[in-house]
Amino acid sequence: SERFIVTVGCRAGMEKDSLLKSPAGWGDINEVVYASPQNVTGDASWLSVCCMWLTLPVSCVQGICGGLCQFVMAFMVLGCYCIQAIPQWLCCSAMGSAECGRPCILAPSWWRYVIGGLTALIANSRSRLALFIWEWKAFGEDEHFWHGEGFWSVKYEECSNIMKSHQRRSESFACIQACVPDLFATNLLLFLSNTGPESEWAHMRSALHSTLLDKGSTYYSERQKKLRGLIASDWPNAQVEDFNDKKKLQLIVVKCVFYMMFGVWLDNADADTLRAWRTKAVSFVLPRLVHRFLFNLLLRRVQGLRVDTVGLIEKHGLQSFILEINEKLPPKYRRTPAVKLCDEIMFAVGFAGIGGTCACCETLAAFLQCKIPAEASAHLISFEKYPTSAEMIAAYKSNPVTYIKEAVRIDPPVTSCTNVSKEERVVRFRGREYTMKENTLNQYTLSMANRDPSVFTNPDVFDPTRKELDMALTWNGAFGTRDEEKVYPRICPGRYLSLDVALAVVGHVVGHEEPYSPMLSCMGP
């Protein structure tokens with residue numbers, strides 16, 4: 001049964017009881033979001049930003065050359081890799097700067113590097129996967145490449161082994177120090193190391209799952225039964241061509257995710273507020289240097305989004321969910337004030353739950369019409385097995401779960417994740433060995449691992465019938481294999497919710513009424 005009686009589509013414009021808005025120990029979200037920045041490197045200082053503006057033409061020339069020429073990109077990162085006697089920092093290389101802690105004196109290496117990275121992304125059709133492959137080729141097409149502040153792993157076996165391990169994490173994202181607490185919330189589940197059953201990560205994941213994501217609970221199954229009806233009331237007579245209205249699709253996904261977690265069906269205004277977690281996604285991959293170069297305009301928008309998101313929890317009187325999770329945590333892990341935990345949870349809900357599920361449904365919407373998604377590259381996706389929209393829809397109706405899993409294998413919403421190297425190791429870039437010290441950032445690139453030809457036959461071809469489909473690492477682990485949560489401890493806790501929402505939304509549009517249970521359909525032998 002629902003924990004709250006909610007009037008569908010009702011704006012809670014009237015005043016709520018003050019105690020409901022701010023229960024004891026709740027706190028002020030503004031004090032959390034607008035706290036002083038942490039971990040600011042020298043090259044991201046305001047002095048560095050001012051100098052970058054003053055020397056912008058020079059940095060642009062170098063950066064654009066690097067973004068268009070793989071040899072130049074490798075030089076900007078590695079320095080004189082052909083002459084080992086020359087220190088990397090002396091060549092003003094990005095990797096040398098990272099190894100030195102990115103001091104202000106080496107800032108020019110990052111000015112040109114970030115411009116080069118942006119240029120390369122644009123040149124590769126704004127596709128992250130295409131960019132990764134381009135960089136991998138720039139560094140010699142071996143088992144690793146460099147991006148940001150660390151080395152990236154691309155082979156399936158290594159990526160899978162990292163996912164199976166107890167990962168050491170830090171406040172890092174996209175292999176770069178994350179902007180906390182102004183852009184990213186602190187102590188996100190994403191940043192916590194899974195070092196054992198008594199770790200903060202383990203307790204937080206357990207409390208979050210049991211309160212909001214428990215597929216076996218009564219509240220989850222009751223909401224799932226009502227989901228299709230709520231979608232139909234908001235999106236009557238939907239056709240496949242209506243998928244082209246991206247805003248409408250995103251609004252529906254937002255409402256579904258929020259309803260499945262909190263039991264509230266939002267109106268369009270509230271859903272549009274949360275939709276920004278998808279539309280502002282680009283802000284999260286930018287380093288602090290770039291945010292400050294842009295006068296923190298994008299960062300301030302994300303801060304406002306975080307404040308507004310917590311405001312929706314307060315508006316709908318949902319603080320009890322957060323307080324329940326906080327009480328389930330051991331005293332040493334509880335957040336004070338509780339609104340800090342609300343910010344952390346809603347950041348995860350917005351960034352991964354809403355942003356990831358929107359990206360998944362946008363990919364499905366494009367594939368069902370034999371179109372390439374906006375953030376993908378046409379030369380990396382082949383529809384040769386299902387060349388028409390009618391064949392695509394028939395393939396979906398034949399097995400919706402495998403269709404969705406194959407779509408996000410080939411175009412994953414999350415392309416990679418950051419962990420920290422637990423030991424010193426040697427990697428090869430352009431035929432030369434480089435020593436990566438302990439605690440160097442390491443990104444496992446699941447989007448490339450999902451296309452490893454040693455595992456996936458014809459990896460660029462969309463084929464929901466492929467036998468090795470359950471080996472895809474899309475949800476931070478092989479979703480559908482036996483004992484997946486034991487084998488892959490960090491597998492996405494919201495994977496069933498994401499799949500259920502996608503099934504409900506797409507099923508409504510294509511008119512597929514047959515009930516599917518991801519819990520049953522995704523289990524391997």
Side-chain angles (χ1 to χ4, degrees), residues 29 31-45 94 97-103 110 114 147-152 162-163 165-195 199-205 208 277 280-292 296 298-300 302-303 305-306 309 329 332-336 339-352 355 414-422 436-444 476 489-490 492-493:
I29 182 58
E31 294 179 1
V32 175
V33 172
Y34 294 100
S36 299
Q38 302 173 13
N39 307 323
V40 180
T41 57
D43 62 11
S45 65
S97 173
E99 291 178 345
C100 295
R102 293 177 59 186
W110 274 79
V114 295
H147 179 96
E149 297 180 47
F151 64 102
W152 292 50
I162 293 173
M163 293 181 191
S165 70
H166 288 174
Q167 296 179 41
R168 184 184 296 175
R169 293 289 182 103
S170 67
E171 291 178 333
S172 306
F173 183 78
C175 221
I176 296 175
Q177 288 189 48
C179 302
V180 294
D182 38 359
L183 183 65
F184 287 86
T186 56
N187 296 318
L188 288 172
L189 201 62
L190 179 71
F191 296 154
L192 301 179
S193 302
N194 56 308
T195 53
S199 65
E200 182 178 5
W201 171 87
H203 285 288
M204 178 64 75
R205 181 180 172 108
L208 179 65
W277 285 102
K280 290 181 170 60
V282 67
S283 302
F284 299 106
V285 300
L286 301 177
R288 188 178 295 279
L289 170 63
V290 176
H291 279 292
R292 288 189 166 183
N296 282 337
L298 298 180
L299 188 148
R300 295 301 182 202
V302 173
Q303 287 180 306
L305 173 60
R306 287 167 61 189
T309 299
L329 299 175
K332 63 180 178 179
Y333 296 140
R334 288 174 189 164
R335 307 298 194 258
T336 303
V339 73
K340 187 176 184 297
L341 179 61
C342 183
D343 180 43
E344 295 169 15
I345 291 174
M346 294 312 298
F347 193 104
V349 171
F351 180 72
V414 177
T415 56
S416 59
C417 295
T418 309
N419 75 115
V420 179
S421 180
K422 292 184 284 189
M436 301 290 109
K437 299 178 181 179
E438 181 183 356
N439 293 324
T440 300
L441 297 183
N442 170 221
Q443 195 88 349
Y444 52 93
N476 209 28
R490 297 191 76 110
C492 177

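Summarising the geometry of R102 relative to D43, their closest heavy-atom pair is NE-OD2, 2.8 Å, with the distance given to 0.1 Å. Here the closest heavy-atom approach between residue E171 and residue N187 is recorded as OE2-N, 4.1 Å. Here the shortest heavy-atom pairing between F191 and A178 reads CZ-CB, 3.8 Å. When all heavy atoms of A44 and V40 are compared, the pair lying nearest together is O-CG1, 4.1 Å. Between W152 and S416, the shortest heavy-atom contact is CZ3-OG, 3.5 Å. Nearest approach of P37 to P181, heavy atoms of both residues: CA-CD, 4.0 Å.
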Exercise. Evaluate the side chain to side chain contact (heavy atoms under 4.5 Å, CB included) criterion for residues M204 and L341: first the C-alpha distance (whole Å), next the side-chain angles of each, then the deciding distance (0.1 Å), finally the verdict.
Key: CA-CA 10 Å; M204 178 64 75; L341 179 61; 3.5 Å; yes
Self-check item: Steps toward side chain to side chain contact (heavy atoms under 4.5 Å, CB included) verdict (R306, I29)
Solution: CA-CA 8 Å; R306 287 167 61 189; I29 182 58; 5.8 Å; no
Exercise. Show your working on side chain to side chain contact (heavy atoms under 4.5 Å, CB included) between Y444 and M163 and close with a plain yes or no.
Key: CA-CA 8 Å; Y444 52 93; M163 293 181 191; 3.4 Å; yes
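Looking at heavy atoms from C-beta onward, S170 lies in side-chain contact with L441 at the 4.5 angstrom threshold. Between L183 and F173, every side-chain heavy-atom pair lies at or beyond the 4.5 Å cut-off.
Note: N476 CG to R490 CZ = 7.5 Å, rounded to the nearest 0.5 Å. Here N296 contributes atom CG and R288 contributes atom CZ; the two are 7.5 Å apart, rounded to the nearest 0.5 Å. In this structure, CG in L286 is found 4.5 Å from NE2 in H291, a value given to the nearest 0.5 Å. Between atom OG of residue S165 and atom NZ of residue K422 there is a gap of 4.5 Å, rounded to the nearest 0.5 Å. Here the CG-CZ distance, from L329 to R335, works out to 6.5 Å after rounding to the nearest 0.5 Å. The structure places CD of Q167 at 12.0 Å from OG of S421, a figure rounded to the nearest 0.5 Å.
Evaluation of the side chain to side chain contact (heavy atoms under 4.5 Å, CB included) rule for Q177 yields N39, T41, E149 as partners, not counting sequence neighbours. For W201, the side chain to side chain donor-acceptor pair (under 3.5 Å) test picks out no residue, with sequence neighbours left out. Here R169 pairs with nothing under the salt bridge (charged side-chain N to carboxylate O under 4.0 Å, His left out) rule; sequence neighbours left out. For E31, the side chain to side chain contact (heavy atoms under 4.5 Å, CB included) partners are D28, not counting sequence neighbours. Residues satisfying the side chain to side chain contact (heavy atoms under 4.5 Å, CB included) test with S45, not counting sequence neighbours, are L47, S48, C104. Among residues two or more places apart in sequence or in another chain, the side chain to side chain contact (heavy atoms under 4.5 Å, CB included) test is passed with T440 by F151, M436, K437.
F351 and F284 have their aromatic ring centers within a separation under 6.0 angstrom.
The only option from N442, N194, N439 that meets the side-chain hydrogen bond (donor to acceptor under 3.5 Å, both in side chains) definition with R168 turns out to be N439.
Here the side chain of S283 pairs no donor or acceptor atom with the backbone of L299 at under 3.5 angstrom.
Using a 3.5 Å distance cut-off with no hydrogens or angles, the side chains of R300 and Q303 do pair a donor with an acceptor.
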